[in-house]
Participant: 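Here it is, the structure in full.
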Amino acid sequence: YGDHRDLHLSLRRQRQMCIRDRMYNLIMFKKIGVIYKESLSFDKDISPHIETILSHSKELYFHKSASDTPNKFPKLSRDELGDQSDLIIVFGGDGTMLSTARDFISYDIPIMGVNFGQVGFLTDSSENNFQQSIGDVFNNNFKLEERSFVKAEFGDKEIFGLNEIVLHSGSYAQMMKFSVSVDDQLIFEERADGLIISTPTGSTAYSLSAGGSIIYPNLKVWSIIPMLPHNLSSRPFIISSDRRVEIQVTSGPNKNAYISADGQSEIPVSYGTKVNISEKSDVLKLVHPLNYNFFEACRDKLGWALDVTKR
């Protein structure tokens, strides 16, 4: 019965996603919010692309952090930009996209990334193809993909990330002791430098460096990866993201363990505190070109297509 119920829920979700995608592809974006990486120059890097956007929409707003933007463009606070925009275009790398996704999570606004960074798994449009990509978006020729966030709750605090939650000892090459339970069932106790709970989006980020699997983005799963465990049999494992995960750190080299989301500021966690991991109800809506292909992105950005005989 349980398997049939899960299949029914999965099919129902697929139908809802198809209906949602058709609805979004009927929307014409009119009010455009723009955010760009602080190290970029408006005149040198951004201005040519703004002219392209203006050829499709005259309602253009910038985040107030864009200090070198000409005064003719309105500069808005986060809340004002979230309220005004139908679409946010981010010029930068994955780091800029991650911070934008967290900042605007509650506004339900589609976000399009233009890669000015290094790898750029989240920013799949480029400087070279931006004119074509933005033209397709304004002509309703795009893909809309939902990406989930992972949330950690402990004490009276809550943090969330698009890529991962990391719990660690706070000291280089020094281990902490912790336990991991899923749905109130103890999975393991471990001594390791830390633990990564990665979303599918994060599977090509820090998780990948720690030996985690690459996960197709729309799967509803997490990868749980011990960091440098003192146990030869310890391996990453993948579970459904609708499960309840609980982590408890019992000891370590410092006064506290530490937790962070997407590599942002670290928060101390007292020993004995239970850290509850769950999926956040809000999602990121990513705008992709119609020709977007995750496996092609892996080949390009991770070097899968390289001829190994020439390395």
Side-chain angles (χ1 to χ4, degrees), residues 93-95 98-99 102 118-119 121-122 148-215 219 221-241 243-280 301-302:
D94 283 346
L98 287 171
S99 60
R102 287 191 303 271
Q118 298 179 2
V119 180
F121 267 98
L122 293 173
S148 59
F149 291 82
V150 60
K151 175 178 65 175
E153 297 174 290
F154 52 101
D156 59 351
K157 298 181 177 63
E158 175 186 317
I159 61 173
F160 61 91
L162 182 62
N163 273 353
E164 74 275 313
I165 297 291
V166 176
L167 190 63
H168 63 95
S169 69
S171 293
Y172 175 72
Q174 289 186 294
M175 292 182 289
M176 65 183 192
K177 185 177 180 181
F178 59 91
S179 63
V180 177
S181 300
V182 176
D183 291 343
D184 297 323
Q185 296 183 2
L186 178 66
I187 303 302
F188 60 77
E189 292 182 341
E190 190 76 86
R191 292 182 71 243
D193 284 13
L195 187 73
I196 302 170
I197 302 94
S198 171
T199 66
T201 299
S203 71
T204 54
Y206 191 32
S207 167
L208 181 65
S209 301
S213 299
I214 294 176
I215 303 172
L219 294 179
V221 297
W222 292 324
S223 184
I224 297 182
I225 308 146
M227 300 164 59
L228 300 174
H230 196 247
N231 185 341
L232 294 177
S233 64
S234 180
R235 292 292 182 269
F237 67 94
I238 295 173
I239 63 168
S240 172
S241 59
R243 301 302 181 188
R244 292 180 293 106
V245 177
E246 181 183 281
I247 307 161
Q248 187 172 28
V249 183
T250 54
S251 62
N254 296 310
K255 292 181 179 179
N256 305 284
Y258 292 87
I259 192 169
S260 67
D262 292 346
Q264 300 303 301
S265 57
E266 298 177 342
I267 301 173
V269 178
S270 301
Y271 296 128
T273 300
K274 294 181 179 180
V275 179
N276 295 296
I277 305 294
S278 60
E279 186 176 63
K280 199 165 178 64
K301 300 176 188 299
L302 299 178

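Small disclaimer: the values here were computed from a predicted structure and weren't measured.
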Participant: Please report the closest heavy-atom contact between His168 and Met176, naming both atoms and the distance.
Facilitator: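 Shortest heavy-atom separation between His168 and Met176 comes out as C-SD, 3.5 Å.
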Participant: Looking at CD1 of Ile259 and CD of Glu266, how far apart are the two atoms once the value is rounded to the nearest 0.5 Å?
Facilitator: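 Going from the CD1 atom of Ile259 to the CD atom of Glu266 covers 10.5 Å.
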Participant: Looking at every heavy atom in both Ala152 and Val275, which two are closest together, and how far apart are they?
Facilitator: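 The pair with the smallest heavy-atom distance is CB-CG1, 4.1 Å.
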Participant: Report yes if the side chains of Ser179 and Thr250 come closer than 4.5 Å at any heavy-atom pair, otherwise no.
Facilitator: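 Heavy-atom side-chain distance check fails, nothing below 4.5 Å.
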Participant: For a quick test of reading the model, state the closest non-hydrogen atom pair linking Trp222 to Arg243 and the distance between them.
Facilitator: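 Minimum heavy-atom separation between Trp222 and Arg243: CZ3-O, 3.7 Å.
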Participant: Could you tell me if the side chain of Ile196 sits less than 4.5 Å from the side chain of Met227, heavy atoms only?
Facilitator: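 Met227 reaches Ile196 side chain to side chain.
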Participant: About how many Å separate CD1 of Ile159 and NZ of Lys151, when rounded to the nearest 0.5 Å?
Facilitator: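 Those atoms lie 12.0 Å apart.
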Participant: Treating Asp94 as the side-chain partner and Phe121 as the backbone partner, does any N or O pair qualify as donor plus acceptor under 3.5 Å?
Facilitator: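 Judged by distance alone, yes, a pair lies under 3.5 Å.
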Participant: I need the minimum non-hydrogen distance between Pro236 and Ile225, along with the two atoms involved.
Facilitator: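 Shortest heavy-atom separation between Pro236 and Ile225 comes out as CB-CG1, 3.8 Å.
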Participant: Run the side-chain contact (heavy atoms from CB on, under 4.5 Å) test on Val249 and Leu167 for me, step by step, so that the C-alpha distance in whole Å, both residues' side-chain angles and the decisive distance to 0.1 Å come before the verdict.
Facilitator: CA-CA 9 Å; Val249 183; Leu167 190 63; 3.5 Å; yes
Participant: Working to the nearest 0.5 angstrom, can you tell me the gap between Ile197 CD1 and Ile165 CD1?
Facilitator: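 Output value for this atom pair is 7.0 Å.
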Participant: Do side-chain atoms of Asn254 reach the backbone of Ser169 as a donor and acceptor pair under 3.5 angstrom?
Facilitator: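 Pair found, side chain donor or acceptor close to backbone of Ser169.
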Participant: When you measure from the side chain of Asp183 to the backbone of Arg244, do you find a donor-acceptor pair of N or O atoms at a distance under 3.5 Å?
Facilitator: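 Side chain of Asp183 to backbone of Arg244, a donor-acceptor pair under 3.5 Å: yes, one is there.
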Participant: Roughly how far, to the nearest 0.5 Å, is CD of Glu164 from CG of Leu98?
Facilitator: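 Output value for this atom pair is 8.0 Å.
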Participant: Just by distance, do the side chain of Glu246 and the backbone of Asn276 share a donor-acceptor pair under 3.5 Å?
Facilitator: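 Looks like no, no N/O pair under 3.5 Å.
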Participant: Are any non-hydrogen side-chain atoms of Ile187 and Ile239 less than 4.5 angstrom apart?
Facilitator: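 Result no, sub-4.5 Å side-chain heavy-atom pair not found.
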Participant: Restricting to non-hydrogen atoms, name the atom on Ser223 and the atom on Ser207 that form the minimum distance, rounded to 0.1 Å.
Facilitator: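 Closest pair (atom of Ser223, atom of Ser207, distance): OG-OG, 4.5 Å.
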Participant: Mind checking the CZ-NE2 spacing from Arg191 to His230? Nearest 0.5 Å is all I need.
Facilitator: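 So the gap between those two atoms works out to 6.5 Å.
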Participant: More than 12 foreign heavy atoms under 6.0 Å from CZ of Arg102: is that the case here?
Facilitator: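 Counting neighbours around CZ of Arg102, more than 12 heavy atoms of other residues, nucleotides or ligands fall under 6.0 Å, so yes.
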Participant: Starting at OG of Ser181, measure out to CD of Gln248 and round the result to the nearest 0.5 Å.
Facilitator: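 Spacing of OG (Ser181) from CD (Gln248) equals 8.0 Å.
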Participant: Hey, is the main chain of Phe149 close enough, under 3.5 Å, to the side chain of Thr199 for a donor-acceptor pair?
Facilitator: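 Flag not set: sc Thr199 to bb Phe149 has no pair under 3.5 Å.
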Participant: Looking only at non-hydrogen atoms, find the nearest pair between Ser203 and Ser198 and report the distance.
Facilitator: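 In terms of heavy atoms, the two residues are closest at N-OG, 3.4 Å.
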Participant: Are there more than 12 heavy atoms of other residues, nucleotides or ligands under 6.0 Å from atom OH of Tyr206?
Facilitator: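 12 or below, so no.
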Participant: How about Val221 and Ser241: do any of their side-chain heavy atoms sit closer than 4.5 Å?
Facilitator: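 With C-beta onward as the side chain, the pair stays apart.
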Participant: Check whether any side-chain heavy atom of Ile238 sits under 4.5 Å from a side-chain heavy atom of Leu219, and report yes or no.
Facilitator: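 No; the side chains remain at least 4.5 Å from each other.
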Participant: Could you go through the side-chain contact (heavy atoms from CB on, under 4.5 Å) check for Ile224 and Ile277 one step at a time?
Facilitator: CA-CA 11 Å; Ile224 297 182; Ile277 305 294; over 6 Å; no
Participant: Would you find more than 12 non-hydrogen atoms of other residues, nucleotides or ligands less than 6.0 Å from Lys301 atom NZ?
Facilitator: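 Counting other residues, nucleotides and ligands, NZ of Lys301 exceeds 12 neighbours.
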Participant: Is it true that the side chains of Glu190 and Ser234 contain a donor and an acceptor less than 3.5 Å apart?
Facilitator: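 Indeed, the side chains of Glu190 and Ser234 share at least one donor-acceptor pair under 3.5 Å.
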Participant: Are any non-hydrogen side-chain atoms of Phe178 and Tyr271 less than 4.5 angstrom apart?
Facilitator: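 When only atoms from C-beta onward are counted, Tyr271 and Phe178 do not touch, as no gap falls below 4.5 Å.
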Participant: Got a donor-acceptor contact below 3.5 angstrom from the Asn163 side chain to the Asp262 backbone?
Facilitator: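 Here the side-chain-to-backbone pair does not exist.
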